[in-house]
Amino acid sequence: MDFDRLKEECLTCQRCELCRTRQHVVFGDGAKNSEVLLIGEAPGANEDEQGLPFVGRSGALLDSYLHVIGLSREKNVYIANTIKCRPPQNRDPLPAEREACLPWLRQQFKLLSPKIVVCLGRIAAQQIIRPDFQVTKEHGTFIEKDGVLFMGTFHPAALLRNPSQKPIAFEDFAALQEKIKQVCDHTY
Ligand code: URA
């Protein structure tokens, strides 16, 4: 199985009810040889419309942070979500939806084999790092699991709602840049 084949299969997924209301499956976006994987929560309206993750206002904020630390979707980062289809009215994904969708992300993770995974927001951090992960207390800390470093930080949409948290969140991205220098092979 390669990335393109996986994407092709995923685009026709009917593993949960969200396939009935979605416009597009949002498989993921970025460089397929990335050593850094970013995981958000779920597609919103803009993402559902375009079939790409983080393309709305929170995506613009995310891209600006990435740019400052030398990362971009074109070159060296891959972005996906815990679920690939938009929940109606942007409600939290249901446990059954998350469970049905997780195998897609697992396969993406296997094929990418990233060195660093950054979870954007509580939903992603609690699904990927630890069910009781607390973003406000544990953000910016790298946790090693089976040779991969995991970090949770604020969701960009939360930063838009609460701009006073932007400087703290930016420190997490600065810490990510340092970690990349330590553990990644590519030149950034
Ligand atoms: N929020 C997310 O968590 N993911 C997206 O792709 C867009 C907004």
Side-chain angles (χ1 to χ4, degrees), residues 3 6-7 10-11 13 15-16 18-19 21-32 34 36-67 71-74 76-109 112 114 116-131 133-136 138-140 150-163 165-166 168-170 172-173 176:
F3 229 76
L6 183 69
K7 180 171 179 178
C10 185
L11 294 187
C13 179
R15 291 181 190 171
C16 82
L18 296 180
C19 69
T21 47
R22 75 178 176 224
Q23 289 186 54
H24 288 103
V25 173
V26 179
F27 178 71
D29 185 29
K32 286 175 229 159
S34 299
V36 181
L37 169 64
L38 264 54
I39 303 177
E41 178 184 329
N46 294 301
E47 291 75 22
D48 182 45
E49 229 170 80
Q50 297 184 41
L52 291 167
F54 285 100
V55 287
R57 279 179 68 225
S58 56
L61 179 64
L62 177 63
D63 284 339
S64 73
Y65 281 10
L66 294 176
H67 177 74
L71 297 181
S72 75
R73 306 175 193 224
E74 291 75 30
N76 49 18
V77 76
Y78 196 88
I79 306 177
N81 282 305
T82 58
I83 64 164
K84 310 228 171 281
C85 297
R86 181 190 183 207
Q89 281 82 47
N90 297 343
R91 62 159 168 73
D92 284 355
L94 301 175
E97 291 159 357
R98 291 196 222 167
E99 205 177 303
C101 204
L102 191 59
W104 294 119
L105 184 60
R106 276 196 210 286
Q107 279 182 280
Q108 281 174 303
F109 176 86
L112 271 176
I116 301 177
V117 175
V118 177
C119 296
L120 302 167
R122 175 183 61 87
I123 298 274
Q126 292 188 343
Q127 173 150 357
I128 308 293
I129 301 176
R130 236 187 30 250
F133 189 91
Q134 286 189 280
V135 174
T136 45
E138 299 176 82
H139 68 93
F150 292 81
M151 188 258 269
T153 188
F154 299 88
H155 192 287
L159 299 174
L160 291 174
R161 283 194 302 271
N162 194 354
Q165 284 177 324
K166 282 185 186 176
I168 334 172
F170 188 74
D172 295 349
F173 282 84
L176 171 62

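Just so you know, ligand 1 is whichever comes first in the structure, and atom 1 is the first atom listed for that ligand.
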Does the ring centre of His139 sit less than 6.0 Å away from the ring centre of Phe133? no
Could you say whether the N/O atoms of [X] and ligand 1 ever approach to under 3.5 Å?
| X | result |
| --- | --- |
| Glu41 | yes |
| Phe54 | yes |
| His155 | yes |

Quick one: does Ala42 get a heavy atom under 4.0 Å from ligand 1? yes
List ligand 1 atoms under 4.0 Å from Pro53, heavy atoms only on the residue side. 6 (O)
Only heavy atoms of Gly40, strictly under 4.0 Å: list the atoms of ligand 1 that pass.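 So the atoms of ligand 1 that pass are 3 (O).
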Any idea which protein heavy atom is nearest atom 4 (N) of ligand 1, and the distance to it? Asn81 OD1, 2.8 Å
Say whether, by atom type as modelled, one donor and one acceptor occur between the side chain of Ser58 and the main chain of Pro156 under 3.5 angstrom.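 Side chain of Ser58 to backbone of Pro156: no pair is present.
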For the pair Arg130 and Glu138, find out whether any cationic side-chain nitrogen is under 4.0 Å from an anionic carboxylate oxygen.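 Looking at Glu138 together with Arg130, the answer is yes, because their closest N to O distance falls below 4.0 Å.
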Quick test of your reading: applying salt bridge (Lys or Arg N to Asp or Glu O under 4.0 Å), list the pairs with at least one residue in residues 42-66, sequence neighbours left out, ordered by first then second residue.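 Pairs touching residues 42-66 that pass the test: Asp63-Arg73.
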Are Lys84 and Gln108 close enough that a side-chain donor and a side-chain acceptor fall under 3.5 Å?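 Checked: Lys84/Gln108 side chains pair up, N/O donor to acceptor below 3.5 Å.
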For the residue pair Tyr78 and Phe3, does the interplanar ring angle fall in the parallel (under 30°), tilted (30 to 60°) or perpendicular (over 60°) class? perpendicular
